[in-house]
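Just so it is clear: chains get the letters A, B, ... in the order the sequence lines come, proteins before strands, and each one is counted from 1.
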Protein chains: 2
Amino acid sequence: MCSRTNRSSRTGRPRSTEADTAILEATRAALVELGWSKLTMGDVAGRAGVAKTTLYRRWANKSELVVDAVAVLFDELELPDLGSLQADIENVVLQFAALLERPETKTALMAVVAESTRDEPLRERIRASIVDRQKRLVLEGRMRAQRRGELPADRDPVAVDATDDLIFDVIAGAVVHRALVSAEPVDEPWVARLSALLVGGLGAASAAGG
Amino acid sequence: MCSRTNRSSRTGRPRSTEADTAILEATRAALVELGWSKLTMGDVAGRAGVAKTTLYRRWANKSELVVDAVAVLFDELELPDLGSLQADIENVVLQFAALLERPETKTALMAVVAESTRDEPLRERIRASIVDRQKRLVLEGRMRAQRRGELPADRDPVAVDATDDLIFDVIAGAVVHRALVSAEPVDEPWVARLSALLVGGLGAASAAGG
DNA sequence: GAGTTACGCTACGACCTGTAGCGAAAGGCA
DNA sequence: TGCCTTTCGCTACAGGTCGTAGCGTAACTC
């Protein structure tokens, strides 16, 4: 009854960590060259120098593999304190935009999200390894702005959570939509406008007592 | 040299319009039952009661077919004058959210956009038949708000275009992200928050002379 | 009627999926 | 050292999809 999802099953030959990294690296390379739809498990196995069966021992299908391959790229996102809420927003938005410009993420992100609408485990995997990682930045940025006095201190914790969620969907959604649907550049002028809109909107809301 | 993209080639047997509608209807039904990734051309042909070759005479691949099948649903979007910018926004956002809740669009939209990152003709098809159709609503809503005096009259036309683009990406992006990535309901409370944020942000920007 | 195009049908090669079975390799444990 | 367990690479495979070609027939124009 030893579940193979246990970390490091205590007996038997251990999984090759070199194979793990080789496969994920090969997946990113295949995404760049072929894109999501033409990427195949056999191709990735060949690039990684492992057998196809080795892939299927680790990932149930292409979507889960690609999520893991792309997730690590989101570790690069950072939120240095630039002194003002607007500057912090502009900085992280530009980082996020640079990430979306990379061919690996460009072709993969929307595809796995599309897949996740009919695949609950996949949705959970995306949430845990990509979405939550971004959401923490919103939390951090909001608290920092409160410390600076740019935003009022918490009163109703439920409302605060809702605002965090809203800001997250607005920022991430707008950037993704601009980059992938409108297919126009997420450059400084646009980011400045977006940040101004957000800061202004948050200020107006708190001034109105929301 | 008669291009088959000409509308109604003057000679020969004409394309069956019944086949057209049957195929698009079958495509939507297949999207509901199977979702994007399990939808196949052969299955759609079977549902529509036509030969597979008939599909390939009209659409080069699955993506183009699905775009056409889903595009008509976006004709339902309307922008009745509800008296205020915020009310207009809330109304159209709720309509858009209802559209995204439908299983056909939910599974198809992100998938074709993902595909379009490596397929320029497909991107153009999406833009022409889906994106521009939504964008017109932003234009209409902004002009209406100007007529009401809620927003200042145009000064710099370039800045106005940029603001329209921004608003469009923010609204559409936020709703899509909320519905498909965060996978949480786009309900009245959330929409009210979003609209308030936007109206407040636009007001602050124009008050600041932007 | 002659010419042209769309239609349904069948068949097909190429490709991808996901699994099964094999012997060998690499660990833990007594 | 020997036994047990699991992973490894490899091969093979059934099942399914793609997109096209070829055929005879149907429908419409001039």
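The line from CG of B/D132 to CD1 of B/I126 is 12.0 Å long, rounded to the nearest 0.5 Å.
Going from atom CD of A/E64 over to atom P of C/dT17 covers 15 Å, rounded to whole Å. Atoms NZ (B/K38) and C1' (C/dT17) sit 13 Å apart, rounded to a whole Å. Atom CG in B/L55 sits about 14 Å away from atom C1' in C/dA6, given to the nearest Å.
Counting non-hydrogen atoms of neighbouring residues, nucleotides and ligands closer than 6.0 angstrom, the CD atom of B/E184 exceeds 12 such neighbours.
Not counting sequence neighbours, the partners of B/L180 by the side chain to side chain contact (heavy atoms under 4.5 Å, CB included) test are A/V113, A/T117, B/K106, B/M110, B/V176. Annotation: ring-ring contact (aromatic ring centres under 6.0 Å, His included) contacts of A/F168 (sequence neighbours excluded): B/H177.
Residues A/D187 and A/L94 have side chains not in contact (no heavy-atom distance under 4.5 Å, counting atoms from C-beta outward). By the 4.5 Å heavy-atom criterion applied to side chains, B/V112 and B/R125 are not counted as neighbours. The side-chain heavy atoms of B/S182 and A/D165, taken from C-beta on, include no pair separated by under 4.5 Å.
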Report each atom pair, protein N/O against N/O of nucleotides 26-30 of chain D, whose distance is under 3.5 angstrom.
{"residue": "D/dA26", "atom": "N3", "partner": "B/R13", "partner atom": "NH1", "Å": "3.1"}
{"residue": "D/dA27", "atom": "O4'", "partner": "B/R13", "partner atom": "NE", "Å": "3.4"}

Within the sub-3.5 Å range, which N or O atoms of nucleotides 18-22 of chain D have a protein N or O partner, and how far apart are they?
{"residue": "D/dC18", "atom": "OP2", "partner": "B/M41", "partner atom": "N", "Å": "3.3"}
{"residue": "D/dG19", "atom": "OP2", "partner": "B/Y56", "partner atom": "OH", "Å": "3.0"}
{"residue": "D/dG19", "atom": "N7", "partner": "B/K52", "partner atom": "NZ", "Å": "3.2"}
{"residue": "D/dG19", "atom": "O6", "partner": "B/K52", "partner atom": "NZ", "Å": "3.0"}

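A salt bridge links A/D75 with A/R133; the closest basic N to acidic carboxylate O contact falls under 4.0 Å. In summary, A/D20 and A/R58 engage in a salt bridge, as defined by a charged side-chain N under 4.0 Å from a carboxylate O.
Of the residues in residues 18-30 of chain A, not one places a heavy atom less than 4.0 Å from an atom of DNA chain D.
Applying the ring-ring contact (aromatic ring centres under 6.0 Å, His included) test to every pair with at least one member in residues 35-91 of chain A, sequence neighbours left out, gives no pairs at all.
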